[in-house]
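Here the structure comes first, spelled out in structure tokens, and everything after it is commentary.
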Protein chains: 2
Amino acid sequence: MGMGIRAQQKEKTRRALVDAAFNQLSAERSFSSLSLREVAREANIAPTSFYRHFKDMNELGLTMVDEGGLTLRQMMRKGRQRAEAGGSVIRISVDTFMEVLDSNPNVFRILLHERSGTSAAFRAAVEREIEHFISELAHYTEASANRSPVLARAQAEALVTLVFNAGAAALDMKRADRKVLADNLVMQLRMVATGAEALQRKLEHR
Amino acid sequence: MGMGIRAQQKEKTRRALVDAAFNQLSAERSFSSLSLREVAREANIAPTSFYRHFKDMNELGLTMVDEGGLTLRQMMRKGRQRAEAGGSVIRISVDTFMEVLDSNPNVFRILLHERSGTSAAFRAAVEREIEHFISELAHYTEASANRSPVLARAQAEALVTLVFNAGAAALDMKRADRKVLADNLVMQLRMVATGAEALQRKLEHR
DNA sequence: TAGATTAGCTTACAGCTGTACGCTCAATGC
DNA sequence: GCATTGAGCGTACAGCTGTAAGCTAATCTA
């Protein structure tokens, strides 16, 4: 078994296309501003050969969103393992998040930008990825802090919203400014956690 | 006083351009995807006449962001007046916000999209508009709830983040779904407010 | 080994883009 | 009244775009 020479070469070229697209992303360049020809050029491929791998740019983009979401979840899972060894869950999660942001900025860019983007399919794909985070987090809070489902869900949404918003801001920052931002984010997350707990108590005591 | 005929005509055409651009915005169409020629066409103007009013599309876009921010602030100020007549500040603010969203969706679209957009000038302009909200809100909380400046600021940022995030989600929703979203948002905002208060007390009691 | 498959190439084309240039002619200032 | 100004227009062009068509040559299949 194992892929034949042909399939291997094809996979390699496909990767070159995906990587080329990721590499062209920057603060000044969004996915939707990339042209098929630009990506093909960067991947050292004739424009028309692009079609051997993707139906159009849209299909490439969705592939990238899926891949990006996967990367993100893998990294955060590692962070959670680190948190289990002790320490503030919030702090460690934020630190992990910032590290991911630092090492994979372009994975982030496509998620952040296409979330408010112009294609319904893209928005849905990004929302699906974010939903993973929210429901994982909600489930965790519901179990560990004995939160009501509705409250746990609202809390998780708020936390993820604040984290992603901070992530967007951090993308264009120098390391020093990021530290301030991270501290501020931790403070906001604690607000939400504390507030959710207070609301929970109020619900129970009547 | 009183513009001459010439200046009046010019202003009218300029408005036609701005309005044409706003009208072309939709869930499927972002400002950066508009071409100069498209806007000129929609405004019933020759493409080259565009330059009599704006240096380029960028300048048009910045004008739109400024105008949008102004509209937004005016509407929210009216909401605040309504809140002074009594009732939950949070609830009334959220309702006002949803009304604005309903009547000026495209003002919102450009702010939301260009916030994570590809042009630094745009991002800065949007951030400036959002900063208005944050600092107004922080000032208000600092005074009325006797919050420490740092805490008040973090709280205000969190509130605005949650509201804008909900706004983005609400844009593509039907009225019924928006209601659910609004209720959920109110809950999250209360979490933040309650949590901020708890943190404040902790600071004072030691 | 002979024939079928297919990744990648070259060439080609129509459609769109931004914008340079120069004209017209109504409003303006003197 | 006459010269100046300037908003809007038409024409033109080079550069980009997505993609259709058909070829080549390496790999796969039987």
Side-chain angles (χ1 to χ4, degrees), chain A residues 1-21 23-26 28-64 113-114 117-122, chain B residues 1-21 23-26 28-64 113-114 117-122:
Chain A
M1 56 138 296
M3 289 188 283
I5 293 184
R6 201 174 203 140
Q8 252 175 65
Q9 216 0 281
K10 179 162 188 183
E11 177 56 28
K12 210 170 155 190
T13 307
R14 189 190 145 101
R15 265 253 65 79
L17 280 170
V18 174
D19 291 345
N23 287 336
Q24 306 219 44
L25 295 183
S26 74
E28 293 78 29
R29 215 78 164 70
S30 73
F31 174 77
S32 52
S33 82
L34 296 181
S35 74
L36 182 153
R37 288 177 104 107
E38 277 177 311
V39 174
R41 213 176 296 138
E42 178 84 5
N44 289 314
I45 267 182
T48 48
S49 299
F50 179 97
Y51 298 106
R52 302 285 184 197
H53 304 273
F54 301 99
K55 189 173 133 286
D56 51 24
M57 282 294 285
N58 236 318
E59 201 174 288
L60 206 211
L62 290 176
T63 302
M64 290 167 75
H113 191 93
E114 299 308 326
T118 179
S119 142
F122 270 52
Chain B
M1 57 129 293
M3 286 188 284
I5 294 184
R6 202 176 198 130
Q8 252 174 64
Q9 212 6 277
K10 177 162 187 182
E11 177 56 27
K12 209 170 155 191
T13 306
R14 188 189 145 103
R15 265 252 65 80
L17 281 170
V18 174
D19 291 345
N23 286 335
Q24 306 220 43
L25 295 183
S26 72
E28 293 78 29
R29 214 78 165 68
S30 74
F31 174 78
S32 53
S33 83
L34 296 182
S35 74
L36 183 151
R37 289 177 104 107
E38 276 177 311
V39 174
R41 213 175 297 138
E42 178 83 6
N44 289 314
I45 267 182
T48 49
S49 298
F50 180 97
Y51 298 106
R52 302 285 184 196
H53 304 272
F54 302 99
K55 193 174 131 284
D56 51 24
M57 282 293 285
N58 236 318
E59 201 174 287
L60 206 211
L62 290 177
T63 301
M64 291 168 73
H113 191 93
E114 298 309 326
T118 179
S119 143
F122 270 52

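Labels below follow one simple rule: chain letters A, B, ... track the order of the sequence lines, proteins then strands, and each chain is numbered from 1. In this text the structure is predicted, and so the values were computed from the model without any measurement.
Using a 4.5 Å heavy-atom threshold, the side chains of Met64(A) and Leu25(A) count as touching. Side chains of Arg15(B) and Lys12(B) form no contact here, defined as non-hydrogen atoms less than 4.5 Å apart. Within the 4.5 Å cutoff, the side chain of Ser32(A) has heavy atoms near those of the Glu114(A) side chain.
As rounded to whole Å, 12 Å separates atom C1' of dC9(C) from atom NE2 of His53(A). Rounded to an integer number of Å, the gap from Tyr51(B) OH to dC21(C) C1' is 13 Å. Between the P atom of dT28(C) and the CE atom of Met3(B) lies a distance of 12 Å, rounded to the nearest Å. We find that CG of Leu17(B) is positioned 13 Å from P of dA7(D), with the value rounded to whole Å. Between the CZ atom of Arg52(A) and the P atom of dA20(D) there is a distance of 12 Å, rounded to whole Å. Distance CG (Leu60(A)) to C1' (dG18(D)): 15 Å, rounded to an integer number of Å. One atom, NZ of Lys55(B), and another, P of dA20(C), lie 11 Å apart when rounded to the nearest Å. Rounded to whole Å, atom C1' of dA20(D) lies 14 Å from atom CG of Leu36(A).
Comparing dT27(D), dC9(C), dA7(D) by their nearest atom to the side chain of Arg6(A) picks out dT27(D). Among the nucleotides dT17(D), dG8(C), dC28(D), the one closest to any side-chain atom of Ser35(A) is dT17(D). In this structure, of dG8(C), dA7(D), dT19(C), it is dA7(D) that holds the atom nearest to the side chain of Lys10(B).
Gln24(A) places a side-chain N or O within 3.5 Å of a backbone atom of Glu38(A) that can act as its donor or acceptor partner. Put simply, the side chain of Arg29(A) gets close to the backbone of Ser33(A): a donor and an acceptor are under 3.5 Å apart.
Between Ser49(B) and the phosphate of dA7(D), there is no side-chain N or O to OP1/OP2 separation shorter than 4.0 Å. OP1 or OP2 of dG8(C) sits under 4.0 Å from a side-chain N or O of Thr13(A). Arg41(B) has a side-chain polar atom (N or O) that falls below the 4.0 Å cut-off from OP1 or OP2 of dT17(C).
Nearest-nucleotide mapping onto DNA chain D: of Glu38(A) and Ala46(B), the residue sitting toward the 5' end is Ala46(B). Where Leu34(B) and Ala7(B) each meet DNA chain C at their nearest nucleotide, the meeting point lying more 5' is that of Leu34(B). Two residues, Ile5(B) and Arg14(A), neighbour DNA chain C, and the one matched to the more 5' nucleotide by heavy-atom proximity is Arg14(A).
Across all strands shown, Gln8(A) has no heavy atoms under 4.0 Å from either base or sugar-phosphate atoms. Residue contacts for Glu11(A): at a heavy-atom cut-off of 4.0 Å it reaches no nucleic acid atom on any strand shown. Residue Thr48(B) is in base contact, counting any heavy-atom pair closer than 4.0 Å across all strands shown.
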Start with the C-alpha distance between Leu17(B) and Val39(B), add both sets of side-chain angles, then the distance that settles side-chain contact (heavy atoms from CB on, under 4.5 Å), and finish with yes or no.
CA-CA 7 Å; Leu17(B) 281 170; Val39(B) 174; 3.9 Å; yes

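For a distance-only test at 3.5 Å, the side chain of Arg37(A) qualifies as a donor-acceptor partner of the base of dG18(D).
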